[in-house]
S.K.: 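Sending over a structure as structure tokens; questions will come in a sec.
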Amino acid sequence: MTVTDPETPAAGWVPEPAEEESAEDDMPLSLRLSIADTLTLGNATCGFMAVYFTTTGILIPHLTGSGESGMARNSAATAVILMLLAAVFDLFDGIVARKLRSSPMGAELDNLSDLISFGLAPAYFVLVYGMVAVDAHQKMSALAAIVVLLAVVLRLARFSCVTMKDGMFQGMPSPFGALTVVSIVLLELPFIPTLLAIIGVAWLMVSRVEYPKPRGVLAVAMLCWIIGAMGLLAAWAFDAPGGQLLLQTGCALQIAMAATIPLFATTRKANTFRHNRREARASLR
């Protein structure tokens with residue numbers, strides 16, 4: 001008599017192989033990239049390429065004495081357009097993350113990409129400006145560049161630690177600050193006013209002034225403004241009729257917005273405080 005172990009498969013019967021898990025299921029959740037993360041990496045790529053064009057098209061030709069004003073203008077315009085494109089990626093990665101999903105490392109990727117595109121790239125642009133401008137001072141420009149970079153680092157670190165009410169930023173958003181810094185440089189003001197304005201923007205980025213997040217109509221308006229700015233830069237780069245004037249007008253508008261938004265925000269906060277105080281006094285009567 002043959003005794004069969006109940007735990008041993010019967011002769012001739014081969015157990016079916018377990019269903020293999022896909023490579024995506026084997027990958028830890030923290031290592032999967034979402035669509036929003038891909039846009040964020042596009043942001044970082046644009047920031048790096050902005051540094052590349054600033055170096056190869058402006059700095060190196062200036063140091064070697066082989067550059068032409070037209071080539072430097074095209075490279076400067078390309079670098080700034082790449083920063084604008086990085087701002088577009090930064091705008092859409094947030095929208096996509098809210099609509100679809102974001103990976104667990106999405107917030108870290110966003111901060112690192114913003115540091116490259118809106119910290120390193122504009123700070124390097126300021127540094128190179130201090131080396132090629134006629135009336136600039138290289139050491140002072142290096143100081144201003146460090147101030148811009150550190151302001152963005154502090155702002156991004158605070159963003160990760162401080163919880164703000166929904167729909168608001170504390171301090172000027174780094175994309176808006178970076179574009180304002182570059183606009184100040186392109187406006188070609190005298191060196192000292194340029195330096196003071198850049199430091200003022202850096203202070204606004206680490207300030208407690210509240211800025212609205214670009215959502216809904218505001219996001220559409222911001223996108224239209226970025227596209228318009230790209231057009232102004234292209235007209236300036238190709239020396240179109242009136243291109244210089246158009247670029248200066250666009251830069252002046254960017255700086256004007258950077259100056260007026262804090263005033264509106266501070267006025268609104270003061271009015272809210274006074275209104276709450278009047279209500280508190282009325283409730284005590």
Side-chain angles (χ1 to χ4, degrees), residues 46-47 49-51 53-59 61-62 67-88 91 117-118 121-137 140-141 144-145 148 172-202 204 214 218 220-264:
C46 288
M49 293 306 296
V51 173
F53 278 101
T54 303
T55 302
T56 58
I58 303 175
L59 180 59
H62 173 76
E68 298 179 358
S69 59
M71 185 176 69
R73 179 188 300 169
N74 290 338
S75 297
T78 302
V80 179
I81 286 174
L82 284 166
M83 292 184 215
L84 289 165
L85 190 57
V88 173
L91 176 65
S117 298
F118 312 124
Y124 187 70
F125 198 82
V126 171
L127 179 65
V128 172
Y129 157 75
M131 300 177 70
V132 303
V134 176
D135 63 338
H137 302 278
M140 295 299 294
S141 297
V148 170
M172 179 182 287
S174 52
F176 192 76
L179 298 180
T180 305
V181 166
V182 172
S183 296
I184 294 170
V185 174
L186 292 177
L187 202 54
E188 297 182 349
L189 298 171
F191 179 74
I192 297 301
T194 298
L195 187 68
L196 294 176
I198 289 172
I199 294 175
V201 174
L204 285 173
L218 186 59
V220 175
M222 180 178 176
L223 181 61
C224 293
W225 172 253
I226 291 174
I227 294 173
M230 289 181 177
L232 295 177
L233 284 162
W236 174 67
F238 290 103
D239 202 16
Q244 180 73 24
L245 179 60
L246 288 173
L247 179 68
Q248 291 177 344
T249 303
C251 291
L253 288 174
Q254 175 72 30
I255 296 169
M257 286 191 295
T260 55
I261 290 177
L263 294 177
F264 280 116

S.K.: Decide yes or no for Thr180 and Leu204: does some side-chain heavy atom of the first lie under 4.5 Å from some side-chain heavy atom of the second?
M.R.: no
S.K.: With sequence neighbours excluded, tell me which residues meet side-chain hydrogen bond (donor to acceptor under 3.5 Å, both in side chains) with Ser141.
M.R.: none
S.K.: Side chains of Met230 and Leu85: does their closest heavy-atom pair fall under 4.5 Å?
M.R.: yes
S.K.: Please identify each residue that fulfils side-chain contact (heavy atoms from CB on, under 4.5 Å) with Leu189, with sequence neighbours left out.
M.R.: Leu187, Thr194
S.K.: Kindly write out the residues that satisfy side-chain hydrogen bond (donor to acceptor under 3.5 Å, both in side chains) with Thr249, not counting sequence neighbours, or none if the list is empty.
M.R.: none
S.K.: Quick one: closest heavy-atom pair of Met172 and Ala258, and the distance?
M.R.: CE-CB, 3.9 Å
S.K.: Got a sec, which pairs hit ring pair (Phe, Tyr, Trp, His ring centres under 6.0 Å) with one end in residues 174-195, sequence neighbours left out?
M.R.: His137-Phe191
S.K.: Quick one: does Pro175's side chain get under 4.5 Å of Leu179's, heavy atoms only?
M.R.: no
S.K.: With heavy-atom distances below 4.5 Å as the criterion, would you say the side chains of Leu59 and Leu127 are in contact?
M.R.: no
S.K.: With sequence neighbours left out, write down each residue that passes side-chain contact (heavy atoms from CB on, under 4.5 Å) with Ala86, or none if nothing qualifies.
M.R.: Asn43, Cys46, Ser117, Phe118
S.K.: Using the salt bridge (charged side-chain N to carboxylate O under 4.0 Å, His left out) rule, collect all pairs that involve residues 244-263, keeping only residues at least two apart or in two chains.
M.R.: none
S.K.: Tell me, please, which residues at least two apart from Ala133 pass side-chain contact (heavy atoms from CB on, under 4.5 Å).
M.R.: Tyr129, Asp135, Ala136
S.K.: Any side-chain hydrogen bond (donor to acceptor under 3.5 Å, both in side chains) involving residues 224-235? Give me the pairs, sequence neighbours left out, ordered by first then second residue.
M.R.: Trp225-Gln254
S.K.: Calculate, to the nearest 0.5 Å, the distance between atoms CG and CE belonging to Leu195 and Met140 respectively.
M.R.: 5.0 Å
S.K.: Using every non-hydrogen atom in the two residues, find where Thr56 and Pro61 come nearest and quote the distance to one decimal.
M.R.: O-CD, 3.2 Å
S.K.: Quick test of your reading: applying salt bridge (charged side-chain N to carboxylate O under 4.0 Å, His left out), list the pairs with at least one residue in residues 224-251, sequence neighbours left out, ordered by first then second residue.
M.R.: Arg73-Asp239
S.K.: For residues 173-186, which residue pairs qualify under salt bridge (charged side-chain N to carboxylate O under 4.0 Å, His left out), counting only residues two or more places apart or in two chains?
M.R.: none
S.K.: May I ask you to test the Val80-Phe125 pair for a side-chain heavy-atom distance under 4.5 Å?
M.R.: yes
S.K.: List the residues meeting side-chain contact (heavy atoms from CB on, under 4.5 Å) with Val132, not counting sequence neighbours, and say none if there are none.
M.R.: Ile58, His62, Val128
S.K.: Just grab all the ring pair (Phe, Tyr, Trp, His ring centres under 6.0 Å) pairs involving residues 229-259, residues at least two apart or on different chains.
M.R.: none
